[in-house]
Every structure is written in C-alpha cells, then in structure tokens.
Amino acid sequence: MADPKGFLTTGREVARTRPVGERVKDWNEVCVPGSLLPIISKQAGRCMDCGIPFCHNGCPLGNLIPEWNDYAYREDWTAASERLHATNNFPEFTGRLCPAPCESACVLGINQPAVTIKNVEVSVIDKAWDSGDVTPQPPDRLSGKTVAVIGSGPAGLAAAQQLTRAGHTVAVFERADRIGGLLRYGIPEFKMEKSHINRRIEQMRAEGTKFRTETEIGKDIDAAKLRRRYDAVVVAAGATVSRDLPVPGRELNGVHFAMEYLPLANKVQEGDLTVSPITAEGKHVVVIGGGDTGADCVGTAHRQGALSVTQLEIMPRPGEDRNANQPWPTFPMLYKVTSAHEEGGERVYSVSTTHFEGDEHGNVQALHLVEVEFKDGKLEHKPGTERTIPAQLVTLAMGFTGTDQSNGLVQQFGLELDERGNVARDADYATNVDGVFVAGDAGRGQSLIVWAIAEGRSAARGVDRFLTGASDLPAPIRPTDRALTV
C-alpha cells in the first residue's frame, strides 16, 4: 500500500482556488494552476488499500483507485497514468467534472474525510500530458469493419476510441460545429477549459477516428441510409430534451433553457461571438434548478456581470451530513457549495414558480413564487408565502427528459423506446434494430459523465462482438446497473 499511516498522520487537503474577485473577471479554470502537485503525493498516501475497496463500487468505471494512489504516493507518474487509463479513456474530464461517487464510497470516509480521489486523478493525468506519457494508440491492424457513432459526448467518444483501437474504422457524427457534445457547449470554460477536449480529439485523430461535424443524423443524413452504409452504428446522442416549466409567462422574452444560455457563452470563449446574444450583464438573474447545470448558469451569470443571481430549488435544502437513510457507501444528498456558489448569489429552497411577469414589450421582469412543503408524499403550496422577485433573465435548469426525437433519428431507425422514453437495449447495448447499439444518456437517461464513459466502453464491447464474434474489450457495467445510492 502507499503510506501505512497516511490516513492517521495526514489530513485531507484539496485543490486551492483563485480568489473570487480575480476569477469572476475571466473564464479560466478556478483552481490555482500547479497547486495540487506539491501536496498530492501525501494525499494519495491517505489511501488505506482496503481489503475490499468500495471506491470501486462507487465508480461505474471500476477505476483501480488504490493502485494509482499507490503509484502517485511513490511519484511513479507513468505507472499511475497507465493504471488510470486502464479503465478510463478521459480521466482529465472526470477529474474535473465528476461529483466523485468514489469518494462517497471511500472506506476512510466512514469516520474521516475521504481520500481526495478526484484530485489525485486529475493530478496524475495532467502530469501524464505534461510528461508526454499520453500518446496515440493506433491498432496493429484493421478489421475491415466500419462503425458510425452518433454523438460526440463522453459516451460517443469513449465508444469511438475503444472501437478504433480494436481495429475498426470509426466515424463520429456531431450535429454541432465542434466535437465534444455537452462537454463542449454545456460545461463552462471555468469548470473545464476546452483545450483538454481538443488534445484528446487530436489523439483520437492520430489513432484513426474520423470526425464529421455539423451533420445531424435524421436531418442531414437519413438514419436508415447511414445503417446501410456502415457495418454497425452506435447511438450516443444524449438526453438533450430539456424539462420545461409550463406556467403563465413562459413565452416571455428572457426565459430560456439552460442549454440555450450556456452554449452561447461558450461560443464567445471559442471566438465565434464577441458578445453572447443572451447575457446576464446588468440584469437580475433567476436560475430555476438546484443541480450542477444550475450552478453552471450561476457562475456564467457572475462572469457576465449580473446585478444579482438567485437560484431556486423546489426540494428542501439538503443537510451537511449524511442522513440515516443514506448510509455509507451510498452517494448521499448533501448541501454542496460549488465554486460558482462561492462567488455570490442567493440560493432559495422549497419554492415553486407560479408564473412570470413581463413588461409592455414582452420581456420578463419578475418571477412569482410560493413556498412548498411535503404533505402525504406530495408537494403542496404553503398559503400566504407568495412573493415576487425581480428577473430580467431566467434560465431553466431542471434536467432533461430524454433523447431528441424531433430530428427523425429514432423514427428513421425504427428504434423502440422503454417506459421512460429512452432507447431500449439488451444486455449487449443492442437495440431492436440489427447492428444498431445505444450508449450513454440516450439509453440510460440523464446521468453522470462516469456513467456515460462506462456505457461507451461497454457498448463498444457489444459492437466488437457483433462485428467479429468475440471481444477482448472491457465492459465495466451492464445497461441495468444503477448508481450506488438509495
């Protein structure tokens, strides 16, 4: 193991962040560059090398966490990177964006602060890139089989890389103008700079993966024709249909889905726009939805110069400690303060929006809300708690309801859906259409980046076996597997 007494002698220490007054003036990542490496070896030494490492169960990728903790403690960065990549195609993505269910399942976390697994992960991969340990891995020979991957989010990219390395000729189709899916346009620059995506794409190009941007299957290319052109197809189109809020005033100018708002801010950072057409500058901003996407809207509004930012959540405020009904090693619902929340704004819990109010020009000016409480398992309005807050920009960040069916992809393939509106699949991630597979949120529903990558890797095995009759590719999860939660 790493340091046999590390968990007794060393306290938890996480990455330092730049001062709020500095970072809200730019779009760079909030962490102090290089601040982790001087402390990360001792942090990795806190790993207990448990006989049964429950962190493996918390992570759907089955990351070999005790092993790369040991190597990081010994500062053998090359070996640590090799063990990290053994289960994860893109640790620089997960190390920045994953909420770290592995840390919730850390055995040390039973009675102490858990090991900083996520920080160790990102330190190892950043060191690997800087040292030149991350190189293209082209296949030794080609199989002669072709695969189309629809969608370039984490699931699609993981499937594409696995299948390319297995020797198949893979083309990734993306309807946006750049590769990356939600990683590119749904994640703000201050959470993950897009240079991390760009260098992975270049690695994949060098391995042989082909990329086709601004090509929407179902509109630009008929899905049935695509199936005839390729030996197999992987649908990794995500769950991109945003959950709406059908209340009076929803049609007012200034009320937008989060995924209308966030991509435009990212396009400014890409140099496509000088100023976002939807900006928070000089406005009272209300974000409806208390999850990570809502926090992304909060941080973006701060950087655009909002007058005020208020985030609304219909559920009660979570506690700061585990509830009795959320025992270790499950992933608990805890009160979380993200970097965006550190930067200011108000968070309001147990409230529901009743309607929006506009001015004579049809622009939203105010939001009417009411407090709610659970009664007999149902949310009910509390009489006498109605109030109004100013709102010139409202973003709806209430999650996603399923994969897009408006472009014809589902219908043209003839795909069957499950009871939740996701694309149905069997144990090999195969749909009802021969040779068509599904991975990621399109089949699972809205989920975490680690589940997307795990599904992409698992679906790649199903495709490889379909094409060749057998496969040595790993399949870390089954389609029916669910997070370690209650």
Is a side-chain N or O of [X] found less than 3.5 angstrom from the main chain of [Y], in a donor-acceptor match?
X: Asp296; Y: Ile187; answer: no
X: Gln446; Y: Phe400; answer: yes
X: Glu22; Y: Pro19; answer: no
X: Asp418; Y: Arg425; answer: no
X: Gln311; Y: Val287; answer: no
X: Arg83; Y: Ala79; answer: no
X: Trp68; Y: Glu121; answer: no
X: Ser41; Y: Ala72; answer: yes
X: Asn63; Y: Ile65; answer: no
X: Asp441; Y: Arg444; answer: no

Could you please spell out the steps behind the side-chain contact (heavy atoms from CB on, under 4.5 Å) verdict for Thr240 and Arg175? CA-CA 12 Å; Thr240 57; Arg175 63 181 177 181; 3.4 Å; yes
Is it true that the side chains of [X] and [Y] contain a donor and an acceptor less than 3.5 Å apart?
X: Asp3; Y: Thr10; result: no
X: Asp404; Y: Ser406; result: yes
X: Asn69; Y: Gln43; result: no
X: Asp133; Y: Thr78; result: yes
X: Glu29; Y: His196; result: yes
X: His256; Y: Thr395; result: no
X: Ser81; Y: His85; result: yes

Between [atom1] of [X] and [atom2] of [Y], what distance do you get to the nearest 0.5 Å?
X: Leu226; Y: Ile150; atom1: CG; atom2: CD1; answer: 5.5 Å
X: Leu415; Y: Asn432; atom1: CG; atom2: CG; answer: 6.0 Å
X: Asp222; Y: Arg227; atom1: CG; atom2: CZ; answer: 13.5 Å
X: Lys267; Y: Thr274; atom1: NZ; atom2: OG1; answer: 13.0 Å
X: Ile477; Y: Cys59; atom1: CD1; atom2: SG; answer: 10.0 Å
X: Thr338; Y: Glu342; atom1: OG1; atom2: CD; answer: 7.0 Å

Student check: side-chain heavy atoms of [X] and [Y] closer than 4.5 Å:
X: Gln162; Y: Asn89; answer: yes
X: Thr403; Y: Val410; answer: yes
X: Ile40; Y: Val124; answer: no
X: Leu157; Y: Ile201; answer: yes
X: Val436; Y: Val235; answer: yes
X: Pro66; Y: Cys50; answer: no

Can you list the steps and then say if Leu37 with Trp77 is a side-chain contact (heavy atoms from CB on, under 4.5 Å)? CA-CA 11 Å; Leu37 208 56; Trp77 303 110; 3.9 Å; yes
Taking all heavy atoms of [X] and all of [Y], pick out the closest pair and write down the distance.
X: Phe7; Y: Gln112; result: O-OE1, 3.1 Å
X: Ser123; Y: Asn119; result: OG-O, 2.8 Å
X: Asn422; Y: Gly402; result: OD1-CA, 4.4 Å
X: Val147; Y: Leu163; result: CG1-CD1, 3.9 Å
X: Ala454; Y: Pro60; result: CB-O, 3.9 Å
X: Met398; Y: Arg243; result: O-NH1, 2.7 Å

Atom [atom1] of residue position [X] - does it have more than 12 heavy atoms of other residues, nucleotides or ligands inside 6.0 Å?
X: Gln411; atom1: CD; result: yes
X: Met333; atom1: CE; result: no
X: Arg420; atom1: CZ; result: no
X: Arg205; atom1: CZ; result: yes
X: Lys210; atom1: NZ; result: no
X: Lys42; atom1: NZ; result: no

[X] bridged to [Y] by N-O distance under 4.0 Å:
X: Glu202; Y: Arg199; answer: no
X: Lys127; Y: Glu75; answer: no
X: Glu174; Y: Arg212; answer: no
X: Arg184; Y: Glu270; answer: yes
X: Arg96; Y: Asp126; answer: yes

Describe, in one word, how the ring planes of Tyr230 and Phe173 are oriented to each other, choosing from parallel (under 30°), tilted (30 to 60°) and perpendicular (over 60°). perpendicular
Working note: Ile125 + Phe90, criterion side-chain contact (heavy atoms from CB on, under 4.5 Å); need CA distance, chi angles, decisive distance, verdict. CA-CA 9 Å; Ile125 184 55; Phe90 314 117; over 6 Å; no
Passing candidate, side chain to side chain donor-acceptor pair (under 3.5 Å) with Gln161, options Gln203, Arg200, Gln137: Gln203
Any salt bridge (Lys or Arg N to Asp or Glu O under 4.0 Å) involving residues 457-474? Give me the pairs, sequence neighbours left out, ordered by first then second residue. Asp428-Arg465
Partner of Ser276 under side-chain contact (heavy atoms from CB on, under 4.5 Å), chosen from Leu262, Asn266, Thr300, Val268: Val268
Can you name the residues that form a ring-ring contact (aromatic ring centres under 6.0 Å, His included) with Tyr185, not counting sequence neighbours? none
Does Arg23 qualify as a cation-pi partner of Phe190, given the criterion of NZ or CZ under 6.0 Å from the six-membered ring centre and within 45 degrees of its axis? no
I would like to know whether Thr169 and Thr146 meet side-chain hydrogen bond (donor to acceptor under 3.5 Å, both in side chains); could you show each step before the answer? CA-CA 5 Å; Thr169 301; Thr146 59; over 6 Å; no
Kindly indicate, with the supporting measurements, whether the criterion side-chain contact (heavy atoms from CB on, under 4.5 Å) is fulfilled by Phe93 and Ile449. CA-CA 8 Å; Phe93 301 167; Ile449 183 172; 3.7 Å; yes
